[in-house]
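So the structure is just underneath, and the comments pick up after that.
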Amino acid sequence: MRIERIELRLLRLPLVRFFETSFGRIDDRTFVLVTLHEDGATGIGECVAEANPYYSAETTRTAWHIIADFIAPVVLGRAFAHPREVYDALGAIRGHNMAKAAVEMAAWDLFAVQQGLPLSALLGGRGTSIESGVSIGIQDSLEQLLERVAVERAAGYRRIKIKIKPGWDVAAVERIRARFGAIPLMVDANAAYHLADLPHLQCLDRFDLLMIEQPLDYDDVRDHARLQAALRTAICLDESIDSIPAAEEAIELDACRIINIKPGRIGGHQQAMRLHDLAARHRLPVWHGGMLESGIGRAHNIHLSTLPNFTLPGDIAASRRYFAPDLIDPEIEVSPDGTIAVPTGPGIGVNVVRERVEAATEDVLELRH
Ligand code: OSB
Ligand code: MG
């Protein structure tokens with residue numbers, strides 16, 4: 001594989017419904033699309049960095065800068081025998097995992113297209129479908145939250161996650177349990193609490209949650225270990241796991257019992273597979289996180305989720321929850337049994353609708369060898 005040309009696009013798509021986490025509410029999604037070209041074949045990746053630095057330090061504009069000025073010069077014109085080499089080739093660039101992942105994942109798509117293989121097969125995955133879960137943001141009222149849970153339950157999702165923050169936590173879970181009983185349920189705090197909130201977080205223990213995701217700060221593995229020792233409920237880390245050493249440390253300290261894998265957060269598919277394998281060696285289950293991706297990033301996530309240690313339903317839901325229309329046609333659908341079919345065509349195996357991409361584009365940059 002020898003990448004001849006890279007196209008960057010900055011896109012903005014309105015969300016079907018607002019999405020609110022402990023760090024704020026958004027009504028649209030801004031992201032960078034990366035297309036790699038070689039000999040008429042293309043590979044595409046979606047950068048999960050958001051317009052703001054609230055989930056992670058990276059933003060759409062830092063990703064654009066790092067890809068254009070540092071990643072592109074490394075990969076353009078260089079011969080790669082396999083996309084697994086791309087991440088390590090970027091080793092001189094510190095951090096910026098989301099920027100790296102967008103290019104690296106596009107390289108996996110390109111290589112899979114060139115080999116005529118679905119990406120899942122190239123990654124070593126198994127099976128024809130994945131289990132789908134749903135992430136429900138903070139709402140304007142508990143009644144509205146119960147209504148959202150009812151809608152998503154009816155759609156078939158295999159587990160419900162709700163976003164929590166101080167003031168929107170115990171009562172929300174209590175109301176859901178009272179109305180829906182013993183459904184598979186979890187919460188995600190996006191780092192909204194401190195260790196001093198331990199007695200309050202212990203109030204969640206009586207609800208038999210599947211897990212509490214990222215209760216404490218993103219760089220606070222030690223306090224997560226202290227919290228986990230005092231909780232019955234499993235802690236799942238998301239933001240904190242941005243490297244393999246971070247995961248090794250978290251596992252060694254028993255700071256979490258489950259890991260959320262997002263390839264964008266960790267540097268792409270190769271790093272995600274290393275994390276997946278590390279967790280498997282330590283018998284920690286993993287699940288695939290989501291970043292409100294368009295159908296392009298979502299398709300990458302579906303393929304990665306076919307690896308064997310993704311034993312819990314991921315945050316990979318139907319296109320229609322996010323964008324109307326999505327950038328791909330056909331869109332990603334969830335069947336009534338709560339599963340998503342893995343695309344079978346070469347690469348990520350979805351059709352990108354060029355006119356929809358054009359219509360959502362706010363900036364374009366072409367980079368050549
Ligand atoms: O913490 O998992 C998260 C969305 C944006 C940023 C962070 C997170 C999320 C989600 C949404 O939970 C998952 C999805 O439906 O894509
Ligand atoms: Mg999360």
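When a ligand or atom number is given, it counts from 1 through the structure's own listing order.
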### Query
Can you list every pair that meets ring-ring contact (aromatic ring centres under 6.0 Å, His included) and has a residue in residues 45-75, with sequence neighbours left out?
His65-Phe70
Where's the contact between [X] and ligand 1, heavy-atom distance under 4.0 Å: side chain, backbone, both or neither?
X      : result
Thr21  : neither
Asp188 : side chain
Asp238 : side chain

### Query
Is it the case that one hydrophobic cluster holds both Ile328 and Met105, taking links as side-chain heavy atoms less than 4.5 Å apart, direct or via other members?
no
### Query
What do you reckon, does Arg298 put a non-hydrogen atom under 4.0 Å from ligand 1?
no
### Message
Would Glu239 count as a polar contact of ligand 1, with the cut-off being nitrogen or oxygen pairs under 3.5 Å?
### Response
no
### Query
For Asn260 and ligand 1, does the shortest N/O to N/O distance drop below 3.5 Å?
no
### Task
Determine whether the side chains of Gln271 and Glu104 contain a donor N or O and an acceptor N or O closer than 3.5 Å.
no
Starting from [atom], what is the nearest protein heavy atom, named by residue and atom, and what distance separates them?
atom                    : answer
atom 14 (C) of ligand 1 : Tyr322 OH, 3.4 Å
atom 13 (C) of ligand 1 : Gly290 O, 3.5 Å
atom 16 (O) of ligand 1 : Leu292 N, 2.9 Å
atom 1 (O) of ligand 1  : Asn190 ND2, 2.8 Å
atom 6 (C) of ligand 1  : Met291 SD, 3.6 Å

### Query
When you measure from the side chain of Arg153 to the backbone N and O of Phe180, does any donor-acceptor pair fall under 3.5 Å?
no
### Query
Any N/O/S atom of Asp315 sitting less than 2.8 Å from the Mg ion (ligand 2), backbone or side chain?
no
### Summary
Sequence neighbours excluded, the answer for ring-ring contact (aromatic ring centres under 6.0 Å, His included) partners of His303 is none
### Task
Measure up the His288 and Phe310 rings against each other and bin them: parallel (under 30°), tilted (30 to 60°), perpendicular (over 60°).
parallel
### Task
Would you mind listing which atoms of ligand 1 come within a distance below 4.0 Å of any non-hydrogen atom of Glu213?
2 (O)
#### Entry: Interfacing atoms of ligand 1 (cut-off 4.0 Å, heavy-atom, Lys262)
1 (O), 2 (O), 3 (C), 7 (C), 8 (C)
Would [X] and [Y] pass as an ion pair if we require N to O under 4.0 Å?
X      : Y      : result
Arg159 : Asp315 : yes
Lys161 : Glu152 : no
Asp140 : Arg25  : yes
Arg5   : Glu7   : no

### Query
Can you name the nearest heavy-atom pair linking Phe323 to Glu293, along with the distance?
CE1-O, 3.3 Å
### Query
What angle, to the nearest 10°, do the atoms OD2 (Asp238) and OD2 (Asp188) form about the Mg ion (ligand 2)?
180°
### Proximity winner for atom 3 (C) of ligand 1, if only heavy atoms of Arg265, Gln214, Arg29, Lys163 are counted
Lys163
#### Entry: the Mg ion (ligand 2) - closest N/O/S atom in Glu213
OE2
